[in-house]
Amino acid sequence: MGIALLCLYGLIIAWGAAGSGRGTAAAFFVNNRSGSPLMVAASIIASCIGASATVGMVGLAFSVGTPAFWWLGAGAVGLTALSLLLARRVRESGAYTMPQLAETFLGPAARPLLSIIIVIAWMAILAAQLTALAEVIRMLVPWPRLVCLGVGFSFVVLHSLGGQAAVMRLDRFQTILLGGSLLILLGWLSGHNPTWPSTVSLQAVNADFPPEKLIYFLLVVGANYLVCPMLFGRLLSARDGKSARRAGLMAVGGIALCAVVIVAVGLACRGLIPPDTPRDEVLTRALSEVLPLWMRLPLSLALLSAIVSSADSCLVTAATVLSHDLLKRDTPNAGRACVLVLGLAGTGLSLWGGGIIGLLLMAYDIYGCGVVGPVFVGLMLGKGRPLDSRFACAAVAAGGALGLASALSGRVECAYAGMALATLLALAGGWRREWRGESLWRLGEGKGNF
């Protein structure tokens with residue numbers, strides 16, 4: 001039965017990759033800029049809810065309670081700011097990628113620096129997604145881990161070869177499948193544990209999730225939704241600026257609703273599996289030990305779908321940046337070659353082990369601390385009024401260095417200092433332009449310049 005479900009999903013993947021206009025660069029990189037608000041919103045939701053937002057968030061809710069909402073809730077806050085402040089400017093820029101867009105206000109020297117950081121960070125995330133994907137496939141079929149990883153690699157790469165158009169075409173289906181499966185799972189768990197709502201205390205923070213952790217989530221996690229190359233790629237695929245803004249706000253509602261349901265699933269698992277179950281095993285143990293076989297297989301398929309939809313978004317993001325911004329090749333074939341190479345690299349990282357993946361995920365801290373502030377400042381200042389490029393590059397480098405220090409030392413203060421320093425240096429770059437007679441601080445002007 002598990003093999004049949006994998007074959008069925010493989011056919012769905014093939015359908016998503018076929019007929020997606022892969023013959024043009026615009027289709028591969030930005031889906032021909034034809035996305036409706038609903039299509040773009042569904043793709044954003046599917047991209048954001050992967051392994052961490054399912055397996056990780058269920059386990060967090062199981063152990064700390066309702067504050068686990070902030071795992072995705074902080075992202076929804078960041079996405080709200082992106083939608084209201086930047087979405088129209090991003091779409092109206094006409095760019096293919098975030099580094100190309102950033103070049104207009106951070107200078108040409110910043111483009112390769114941003115591109116390298118993005119490729120490294122998103123490759124590390126891809127490796128983690130592939131690791132989780134292999135474990136889910138092993139729940140469906142009793143194959144060795146290496147074989148399961150190969151199957152997961154095939155799913156992700158096959159779909160990503162179609163570029164942005166293929167990914168967005170299938171994301172609508174995967175969003176519906178994930179949402180419906182989460183509701184079915186919550187209903188079944190509630191039927192067998194009907195008293196769980198009465199044991200829940202609605203809290204934003206508690207002893208297991210103190211206020212300082214909430215602050216970290218809102219500032220660091222939320223910032224990575226505010227300025228995210230993957231989300232920018234979706235907004236750049238919208239049909240116009242208005243559609244991009246509407247799509248972002250619609251996705252905020254969808255992500256917040258999914259967060260509520262996922263937290264409820266984790267809370268409903270209490271009393272059905274041992275309380276000392278490790279966080280990362282709560283959802284998989286619930287699927288394998290609590291649910292009957294007839295429910296376990298299709299729900300495992302939905303979980304697989306969620307991880308694939310997030311993994312292929314990571315891979316397409318990294319591949320488009322590598323092809324368009326680093327190699328300067330704007331053809332679909334060049335993009336597909338980058339998909340294959342980076343897919344193999346991500347699989348190799350996954351095989352190498354969790355320790356290596358954890359080390360490479362430091363790049364995510366580098367990105368959040370070094371990239372978000374300068375890009376946000378540059379976008380708010382507007383096109384045609386760039387920052388001093390030396391200050392912009394210094395902002396990225398200094399913030400990224402402190403982000404790396406935070407990851408190595410575990411001291412969150414370094415991350416906060418990195419974000420603050422990068423933002424201040426970017427602002428100083430704007431002031432320097434103003435001192436040289438260039439008016440940069442009319443933030444309300446230039447609407448429509450992007």
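Since we're looking at a predicted model, the values are computed, not measured.
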Under a 3.5 Å cutoff, is there a donor and acceptor pairing between the side chains of Asn31 and Ser237? no
Just checking, is any N or O donor in the side chain of Thr97 or Asp325 under 3.5 Å from an acceptor N or O on the other one? yes
Determine whether a donor-acceptor pair (N or O, by modelled atom type, separation under 3.5 Å) exists between the side chain of [X] and the backbone of [Y].
| X | Y | value |
| --- | --- | --- |
| Ser323 | Cys338 | no |
| Arg33 | Ala26 | no |
| Ser406 | Leu402 | no |
| Ser389 | Ala110 | no |
| Trp70 | Leu218 | no |
| Thr175 | Asp171 | yes |
| Arg91 | Arg239 | yes |
| Tyr216 | Tyr416 | no |
| Asn206 | Val64 | yes |

Find the distance between [atom1] ([X]) and [atom2] ([Y]) and round it off to the nearest 0.5 Å.
| X | Y | atom1 | atom2 | result |
| --- | --- | --- | --- | --- |
| Leu349 | Leu344 | CG | CG | 11.0 Å |
| Met419 | Cys369 | CE | SG | 6.0 Å |
| Ser300 | Glu135 | OG | CD | 12.5 Å |
| Met139 | Leu304 | CE | CG | 10.0 Å |
| Ser154 | Leu149 | OG | CG | 9.5 Å |
| Leu342 | Met123 | CG | CE | 5.0 Å |

For [X] against [Y], the heavy-atom pair lying closest together:
| X | Y | value |
| --- | --- | --- |
| Met57 | Ala68 | CE-O, 3.4 Å |
| Ala306 | Leu178 | CB-CD1, 3.9 Å |
| Gly343 | Leu315 | N-CD1, 3.7 Å |
| Pro210 | Ala207 | CD-O, 4.1 Å |
| Pro374 | Ala426 | CA-CB, 3.8 Å |
| Ala27 | Asn32 | N-OD1, 3.3 Å |

Pair Gln203, Phe209 - check side-chain contact (heavy atoms from CB on, under 4.5 Å), show working. CA-CA 10 Å; Gln203 300 171 312; Phe209 195 95; over 6 Å; no
Less than 4.0 angstrom from a charged side-chain N to a carboxylate O is my criterion; do Asp240 and Lys242 meet it? no
Taking the side chain as every heavy atom from C-beta outward, state whether [X] and [Y] have any pair of such atoms under 4.5 Å apart.
| X | Y | value |
| --- | --- | --- |
| Pro99 | Ile118 | yes |
| Ser305 | Phe155 | no |
| Trp71 | Ile262 | no |
| Cys414 | Asp365 | no |
| Thr131 | Arg145 | yes |
| Leu101 | Leu236 | no |
| Leu114 | Leu106 | yes |
| Leu82 | Ile44 | no |

Got a sec: does the [atom1] of [X] have more than 12 other heavy atoms crowding it under 6.0 Å?
| X | atom1 | answer |
| --- | --- | --- |
| Arg246 | CZ | no |
| Arg279 | CZ | yes |
| Arg411 | CZ | no |

Residue from Ser313, Ser310, Ser309, Ser350 passing side chain to side chain donor-acceptor pair (under 3.5 Å) with Gln129: Ser310
For Val321, which of Ile116, Leu327, Ile117, Val119 qualifies under side-chain contact (heavy atoms from CB on, under 4.5 Å)?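 So the option named by the test is Val119.
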When the ring planes of Tyr96 and His324 are compared, do they come out parallel, tilted or perpendicular, using 30° and 60° as the limits?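 Tyr96 and His324: tilted rings.
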Should Leu249 and Leu84 be marked as a side-chain contact (heavy atoms from CB on, under 4.5 Å) after you check the CA-CA gap, both sets of side-chain angles, and the distance that decides it? CA-CA 8 Å; Leu249 294 175; Leu84 294 175; 4.0 Å; yes
Could you please spell out the steps behind the side-chain contact (heavy atoms from CB on, under 4.5 Å) verdict for Gln164 and Arg234? CA-CA 8 Å; Gln164 201 76 265; Arg234 296 300 185 271; 2.4 Å; yes
Between Leu186 and Leu182, is a side-chain contact (heavy atoms from CB on, under 4.5 Å) present by the stated rule, with each step listed? CA-CA 6 Å; Leu186 178 59; Leu182 287 173; over 6 Å; no
